[in-house]
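Heads up, the thing below is written out as structure tokens.
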Amino acid sequence: MHCYDDDIVRDECGIFAVYAPGEDVARYTYFALQALQHRGQESAGIAVGDGQTVTCVKNLGLVAQVFSDADINALQGNLAIGHTRYPSKGEHPSWSSAQPHMSSIGRQLVALAHNGNLVEIRELRARLAEHDIELDTRSTSQALATIISYFTQKHRHIRDGMKETMSLIEGAYAVVLMTENAIYAFRDPHGIRPLVIGKLPDNKGLVVTSETSALDIIGATYMRDVRPGEIIKISRNGLESMQGAPHVREAFCVFEFAYIARPDSVFYGKTIYEVRHRMGEILDREAPVEADMVMGTPASGVPAAIGYAAGSGIVYGEGLTKNNYVGRTFIEPSQALRRLGVRMKLNPIKSSVAGKRIILVDDSIVRGTTMRELVKTLRSGGAKEVHLRISSPPVLWPCFYGVDTDTRDQLIAASLNIDEICDYVGADSLAFITLEGMIEATGRDADQLCLACFNDDYPVPVSDEVKNSKKGRDTWKD
């Protein structure tokens with residue numbers, strides 16, 4: 001029997017930057033990070049520049065746990081960057097991994113925050129060795145800061161240092177870097193990880209962040225995305241732009257649509273909610289089943305479940321209640337309690353599910369354990385039948401670009417076919433949306449998306465040795 005422990009898809013970070021002289025930039029950053037909390041719940045940090053130096057506060061915990069009102073009041077300046085982080089699987093949480101990462105370029109103090117991962121690090125280390133750069137780290141942010149520092153001192157301008165850095169590194173990255181008086185941001189040439197630019201009301205300042213939901217919470221308006229391969233600078237001279245790396249095939253992460261981003265965020269002119277709703281409609285078209293009620297797994301499965309109900313004409317209802325106050329904990333339960341781990345967060349509404357044929361819609365099955373427990377939970381509530389409908393295709397390959405889907409042997413669909421997965425999780429039936437259906441729902445063309453975890457087509461090449469490794473990803477851990 002396979003053991004697929006931990007069925008959660010994690011994205012490794014949300015980033016934010018604001019340039020707004022005369023405004024409370026730390027408070028803007030704090031509330032924006034609240035809107036990005038879903039992108040990382042291990043640690044959070046804010047760095048502020050005041051024209052003379054850079055000050056940083058960061059720690060393990062949720063945003064509201066890390067910062068007090070006194071912390072925010074003490075972080076005075078004209079510009080700020082912030083970060084919220086998930087760890088890589090199996091990594092022990094540590095303060096040193098929290099971002100922003102503080103370093104220096106010559107005598108100039110800088111702060112850097114990053115989302116994504118660099119790949120094929122052995123080859124990168126060899127390329128860096130040609131420049132006499134040695135990296136004693138497995139932190140992406142620290143590696144980027146070191147490389148940028150080296151080439152900035154060589155060229156004397158940060159943007160030139162970033163440009164040469166981008167010519168050497170490979171992978172997925174969205175990065176913000178702050179000096180005491182300017183913000184820089186750059187994005188990988190495939191645009192795999194999201195990065196958008198916004199404007200504060202009354203032209204008070206400019207913002208760069210992972211999702212538009214962070215703009216909404218502070219009253220900023222969306223301007224445009226940071227273009228793939230672009231470097232931008234925001235300072236008293238306004239917004240400046242240069243192309244840091246040639247734009248190649250766009251490959252935006254499709255998991256942003258399916259799972260990672262907040263439902264109220266907007267990518268390519270569509271809210272994530274409407275894309276997920278459409279995924280549910282298509283899933284009903286592709287895999288209908290007779291039932292009494294459609295429900296979603298709180299909360300990421302709900303939009304697709306509502307779409308499935310709309311397409312099928314079957315009533316939508318709530319069959320699980322979620323405890324929103326169970327956060328990340330470092331206290332390990334006993335083996336007996338571990339078997340009850342899902343019930344800590346989700347419990348059946350017995351009056352809603354008892355005696356009914358239930359269609360349970362969720363966004364993904366990665367490792368299988370959580371879904372297995374959910375099916376048991378619904379049956380314990382009296383559900384007569386449980387039919388699973390999944391609004392993404394089977395995850396067959398690991399992600400090396402910042403989504404923590406780990407090694408192939410931890411992906412249930414890489415070892416079992418759909419019927420076997422259905423038996424493993426204990427459902428009456430199981431169906432996944434097709435890859436074509438998922439692409440249709442996004443409104444994008446297939447060649448504009450990264451679909452590697454479903455079809456092995458990695459836009460940034462990854463060696464077969466790395467893809468099939470059981471020792472983890474050949475990347476820095478951010």
Side-chain angles (χ1 to χ4, degrees), residues 9-13 15 88 114-124 127 140 143-144 162-163 165-175 185-196 210 225-231 243-261 267-268 275 364 366 392-408 411 413-414 434-436 438-469 472-476 478:
V9 178
R10 295 186 176 97
D11 178 77
E12 295 173 1
C13 308
I15 58 178
S88 297
H114 166 261
N115 176 32
N117 264 324
L118 305 184
V119 301
E120 303 291 356
I121 63 174
R122 283 180 295 181
E123 288 76 2
L124 176 57
R127 291 194 293 271
T140 305
L144 287 169
M162 291 177 176
K163 184 174 182 179
T165 297
M166 294 171 74
S167 72
L168 291 174
I169 61 177
E170 294 181 343
Y173 49 87
V175 182
F186 61 97
R187 191 179 180 200
D188 73 79
H190 290 278
I192 297 172
R193 303 259 65 87
L195 198 60
V196 301
S210 298
D225 286 18
V226 176
R227 291 184 286 270
E230 182 183 19
I231 300 171
Q243 194 67 21
H247 176 36
V248 292
R249 175 177 82 83
E250 188 171 3
F252 186 73
C253 175
V254 75
F255 247 119
E256 293 283 352
F257 288 111
Y259 175 83
I260 297 168
F267 291 128
Y268 302 104
V275 173
S364 60
V366 178
S392 63
V395 178
L396 299 170
W397 295 92
C399 177
F400 300 93
Y401 306 142
V403 177
D404 191 17
T405 49
D406 216 57
T407 57
R408 282 209 83 196
L411 304 177
T434 63
L435 187 58
E436 294 76 16
M438 183 187 209
I439 294 167
E440 178 188 340
T442 70
R444 307 292 288 168
D445 293 333
D447 61 3
Q448 296 174 314
L449 298 167
C450 178
L451 305 167
C453 52
F454 305 120
N455 66 3
D456 192 27
D457 182 12
Y458 290 88
V460 181
V462 180
S463 68
D464 288 339
E465 178 185 2
V466 172
K467 283 191 290 185
N468 292 291
S469 172
R473 296 168 293 171
D474 187 20
T475 60
W476 271 289
D478 203 18

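- Between C13 and S210, the closest heavy-atom pair is O-OG, 4.5 Å.
- The list of salt bridge (Lys or Arg N to Asp or Glu O under 4.0 Å) pairs with a residue in residues 439-448, not counting sequence neighbours, reads E250-R444, R278-E440, R285-E440.
- Taking the ring pair (Phe, Tyr, Trp, His ring centres under 6.0 Å) definition, one finds that F267 meets it with F252, sequence neighbours left out.
- With sequence neighbours excluded, the residues forming a side-chain contact (heavy atoms from CB on, under 4.5 Å) with L396 are P394, R408, A413, listed by chain and number.
- Between the CG atom in D457 and the CZ atom in R249 there is a gap of 5.5 Å [rounded to 0.5 Å].
- Interatomic distance, CG of L435 versus CG of N455, reported as 6.0 Å (0.5 Å rounding).
- Residues meeting the side-chain hydrogen bond (donor to acceptor under 3.5 Å, both in side chains) test with D456, sequence neighbours left out: K467.
- R193 places no side-chain N or O within 3.5 Å of a backbone atom of R187 that could act as its donor or acceptor partner.
- Of the possible donor and acceptor atoms, none in the side chain of R127 sits under 3.5 Å from a partner among the backbone N and O of I169.
- The CZ atom of F186 sits 5.5 Å away from the CG atom of L144 when rounded to the nearest 0.5 Å.
- Taking OG of S392 as the start and CG of L451 as the end, the distance is 11.5 Å to the nearest 0.5 Å.
- Between the Y401 side chain and the V460 main chain, a donor and an acceptor come within less than 3.5 Å of each other.
- Residues meeting the side-chain contact (heavy atoms from CB on, under 4.5 Å) test with C453, sequence neighbours left out: F255, V395.
- Taking the side-chain contact (heavy atoms from CB on, under 4.5 Å) definition, one finds that T434 meets it with E286, E436, sequence neighbours left out.
- Remark: M166 CE to D188 CG distance equals 7.5 Å, nearest 0.5 Å.
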Run V366 and L411 through side chain to side chain contact (heavy atoms under 4.5 Å, CB included) and show every step you take.
CA-CA 6 Å; V366 178; L411 304 177; 3.6 Å; yes
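- Taking the salt bridge (charged side-chain N to carboxylate O under 4.0 Å, His left out) definition, one finds that E230 meets it with R224, R227, sequence neighbours left out.
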